[in-house]
K.L.:
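Provided herewith is a single structure, encoded as structure tokens, for subsequent inquiry.
Every value quoted in this text rests on a predicted model; they were computed, and no experiment measured them. By convention in this document, chain letters (A, B, ...) are assigned in the order of the sequence lines, proteins followed by strands, and residues within each chain are numbered from 1.
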Number of protein chains: 2
Amino acid sequence: MTTIKDVAKKAGVSVATVSRFLNNSGYVSTEAAQAVTVAVEELKYELNPIARSLNTKKSNLIGLILPDITNPFFPELARAVEDVALTYGYTVVLCNSDEDPEKEKNYIETLKKKYIAGFIVTSNQLDAPHYANANVPIVALDRTINEKIPTVSSNNKEGAIMGTNALLERGCKHILFLRGPEKLNPANDRYEGFMEAIQRSNVRYQVVTCPFHFADSQKIVERILQENPLIDGIFASSDVSAAGALKAAGTAGKHVPDELQIVGFDGVAMGAMLSPGLTTVAQDVYKMGAVATRVLIKRIENKKIEQNFYEVPVKLVIRGTTRSVVE
Amino acid sequence: MTTIKDVAKKAGVSVATVSRFLNNSGYVSTEAAQAVTVAVEELKYELNPIARSLNTKKSNLIGLILPDITNPFFPELARAVEDVALTYGYTVVLCNSDEDPEKEKNYIETLKKKYIAGFIVTSNQLDAPHYANANVPIVALDRTINEKIPTVSSNNKEGAIMGTNALLERGCKHILFLRGPEKLNPANDRYEGFMEAIQRSNVRYQVVTCPFHFADSQKIVERILQENPLIDGIFASSDVSAAGALKAAGTAGKHVPDELQIVGFDGVAMGAMLSPGLTTVAQDVYKMGAVATRVLIKRIENKKIEQNFYEVPVKLVIRGTTRSVVE
DNA sequence: CTGAAAGCGCTTACAG
DNA sequence: CTGAAAGCGCTTACAG
């Protein structure tokens, strides 16, 4: 392995000069710079990041803490994070927390020992002390806000209004809203949006809390469809729930979209594969991840960030679970 | 930050002794051990992994190189890798390669500078020099074999035989096989399995190469269904292709499973959400990841591994795209 | 503008 | 069984 010493010797300068040149810190004469450039070139030298970390107490690792990469929402997020991290020379460490505060805490501590540069986290425990006292740059994703921690999330409320209106414009007269878990920020924002839009109309509605889980959603919707045959529109807070609702419509013998229209939320790839294709309020998950990562890197590099809250716009994707608009 | 020096001072021994004790290397008297244990306890001391890496040229990072975490096959794999890595005290770095040899090479080089402990890789370029000369433990997943690199994969051929037989036993008389990309090892094994099973029967068949891509698969199947209305069974080499086939059946007006039966391969979660639910040959992806990680860690820790090739059994999951067995 | 030297927090021969 | 010392490969005051 070639070290900074080798370069110094070859260039006829001290290691301090090589270091200063490579890090662009402190003065280096043009001649010295020249010599070092040549030596680096010839030896194909690159700084050893570990030795460097030991001194600077900084690495170029970014920790990505999320509940479970297996949840269809997260792979794309992870992809975005990794893509922009790579662009800026950072490496990402994957951490599945299962929403368990202990696991989150452990990750934070283990990685801090490795001088991690910062964290991107999706968690409901953002008010936990291990975040507040982490003493390392953090950006929160999607779920929560803590005044000190920059957050990026979708325009959930706006999206829910769009989704609700989509059903309204298509003639629904009795809408079922599948509300997500009550402690989830985005789920609550979506609920708010739904309420705002539905109350502006004179349409009847019903709200049911429903986990973001396929089989559970299916069961819940099957029951409700039986109890209330008048329901002709379902707005689900997630695509997985919407898929459950679609399946339930099948078992209940309700034709979609003729008798029952369905709109989901998320925009995961699976939606297009369903029959009929799922109309949904699509989040730009990739963008969320990309924005979060850029914000984090700015914080890491002590650049000013303009704001503490970033909203990524959401988009209505019309597919087969809705009919054409009623004029 | 408390260092090994603090511990040494508190315990009244030298840092060398503390280090030996903590690493379980070399002799340490019972009294010294006692004193160190107490000091470590009181100071809540933990070794600094970076300083350690600089000396030992080893870290506890594992690199997970895969084409794209966004592909439904990989999240579960990543989850398994992370789970068992965590158990053994390793941390996983996520690397999306897009099957690009340059990206793979870059990851390997960047991470080697961080003294990465080993790699788990899914790639078609496993014969590339950057793997052969990586000089770091590697375990290959799913895709390829290189005599020197331990590989874990599904029992693809066996699975394809099971899938084909499922269709045969259910009375299919003209089967379409959606073959995956020709350079993919697993796709070829599945092809072999299909051929073996189909040729044992007297049933007519047709083979078409088809990427693991939803919309493309749909298009291809739509065309073929039109050309050949006799097809009453489709065996797809992946669930995504099967989903495309199912969609195509819908547009072609073919009732599934009455007129057309479909079997997929993979066992991704989306399969259950389709209507009807997708019958498929399910891989135990989690197990593949877990086995691969355990094998890798054994190699990292210089323990003997019993074999160089691990096959994880596959399982037929019957859902709604197939009928009941014909007696 | 530059280099000698100390230091980051460990590990590991080596001498005792 | 133990400790002093060198070394891993860098960075960073400091003196010049």
Side-chain angles (χ1 to χ4, degrees), chain A residues 1-37 39-40 43-61 89 109-117 301-302, chain B residues 1-37 39-40 43-61 89 109-117 301-302:
Chain A
M1 175 181 259
T2 118
T3 75
I4 198 172
K5 256 187 172 166
D6 304 324
V7 176
K9 194 185 294 172
K10 182 147 214 151
V13 299
S14 73
V15 297
T17 300
V18 177
S19 175
R20 275 193 297 261
F21 173 73
L22 259 19
N23 291 298
N24 223 306
S25 63
Y27 299 93
V28 176
S29 67
T30 339
E31 303 92 74
Q34 263 301 337
V36 174
T37 307
V40 165
L43 298 172
K44 291 185 186 316
Y45 172 71
E46 295 181 83
L47 282 174
N48 178 318
I50 297 296
R52 184 178 216 203
S53 286
L54 188 56
N55 276 280
T56 60
K57 298 186 183 313
K58 291 224 160 87
S59 74
N60 54 173
L61 291 178
E109 282 170 6
T110 332
L111 292 176
K112 277 182 70 176
K113 280 190 272 163
K114 291 192 201 299
Y115 300 128
I116 192 111
E301 298 178 351
N302 280 318
Chain B
M1 173 182 261
T2 118
T3 74
I4 198 171
K5 256 186 170 167
D6 304 324
V7 176
K9 194 185 296 174
K10 182 147 214 152
V13 299
S14 73
V15 296
T17 299
V18 177
S19 174
R20 275 193 296 260
F21 174 73
L22 258 19
N23 291 298
N24 222 305
S25 62
Y27 298 95
V28 177
S29 67
T30 340
E31 302 92 74
Q34 263 301 336
V36 174
T37 308
V40 164
L43 298 173
K44 289 185 190 315
Y45 172 70
E46 295 182 83
L47 282 173
N48 179 318
I50 297 296
R52 186 178 216 207
S53 285
L54 189 55
N55 275 281
T56 60
K57 299 188 182 312
K58 291 226 159 84
S59 75
N60 54 174
L61 291 178
E109 281 168 8
T110 332
L111 292 176
K112 276 181 72 175
K113 279 191 271 163
K114 291 193 201 297
Y115 301 127
I116 191 112
E301 299 179 352
N302 279 318

K.L.:
Using a cut-off of 4.0 Å on non-hydrogen atoms, how would the nucleic acid contact of A:I50 be classed: base, sugar-phosphate, or nothing?
P.N.:
nothing
K.L.:
Start at the 5' end of DNA chain C and walk down; is the nucleotide closest to A:N55 or to A:E31 reached first?
P.N.:
A:E31
K.L.:
Using the closest heavy atom to pick a nucleotide of DNA chain D for each, name whichever of B:Y115 or B:V28 lands nearer the 5' end.
P.N.:
B:V28
K.L.:
When you measure from the side chain of B:T56 to the backbone N and O of B:R52, does any donor-acceptor pair fall under 3.5 Å?
P.N.:
yes
K.L.:
Indicate, with a heavy-atom threshold strictly under 4.0 Å, whether A:S19 touches base, sugar-phosphate, or nothing.
P.N.:
base
K.L.:
For A:E46, give me all partners under side-chain hydrogen bond (donor to acceptor under 3.5 Å, both in side chains), at least two apart in sequence or on another chain.
P.N.:
B:K113
K.L.:
Are there over 12 heavy-atom neighbours, none belonging to B:K9, within less than 6.0 Å of that residue's NZ?
P.N.:
no
K.L.:
Pairs counted as Watson-Crick or G-U wobble with both distances under 3.5 Å: what dot-bracket string results for DNA chain C, using | for bases tied to another strand?
P.N.:
|||.||||||||.|||
K.L.:
Describe the nucleic acid contact of A:K57 in one word from base, sugar-phosphate, nothing, applying a heavy-atom distance below 4.0 Å.
P.N.:
sugar-phosphate
K.L.:
What is the first contacted nucleotide of DNA chain C and what is the last, in 5' to 3' order, if contact means an atom lying under 4.0 angstrom from a heavy atom of chain B?
P.N.:
C:dG9 to C:dA13
K.L.:
Evaluate whether atom CD of B:Q34 has more than 12 neighbouring non-hydrogen atoms of other residues, nucleotides or ligands under 6.0 angstrom away.
P.N.:
no
K.L.:
Using a 4.0 Å heavy-atom cut-off across all strands, classify B:F21 as base, sugar-phosphate, or nothing.
P.N.:
nothing
K.L.:
Which residue, B:A16 or B:A51, contacts DNA chain D at a nucleotide closer to its 5' end, judged by nearest heavy atom?
P.N.:
B:A16
K.L.:
Going by heavy atoms in the side chains, are A:N60 and B:K114 under 4.5 Å from each other?
P.N.:
yes
K.L.:
Scan B:T3, B:L22, B:V40 and name whichever one has a side-chain contact (heavy atoms from CB on, under 4.5 Å) with B:L47.
P.N.:
B:L22
K.L.:
Within the 4.5 Å heavy-atom criterion, are A:I50 and A:Y115 side-chain neighbours or not?
P.N.:
no
K.L.:
Using every non-hydrogen atom in the two residues, find where A:A8 and A:S14 come nearest and quote the distance to one decimal.
P.N.:
CB-C, 3.7 Å
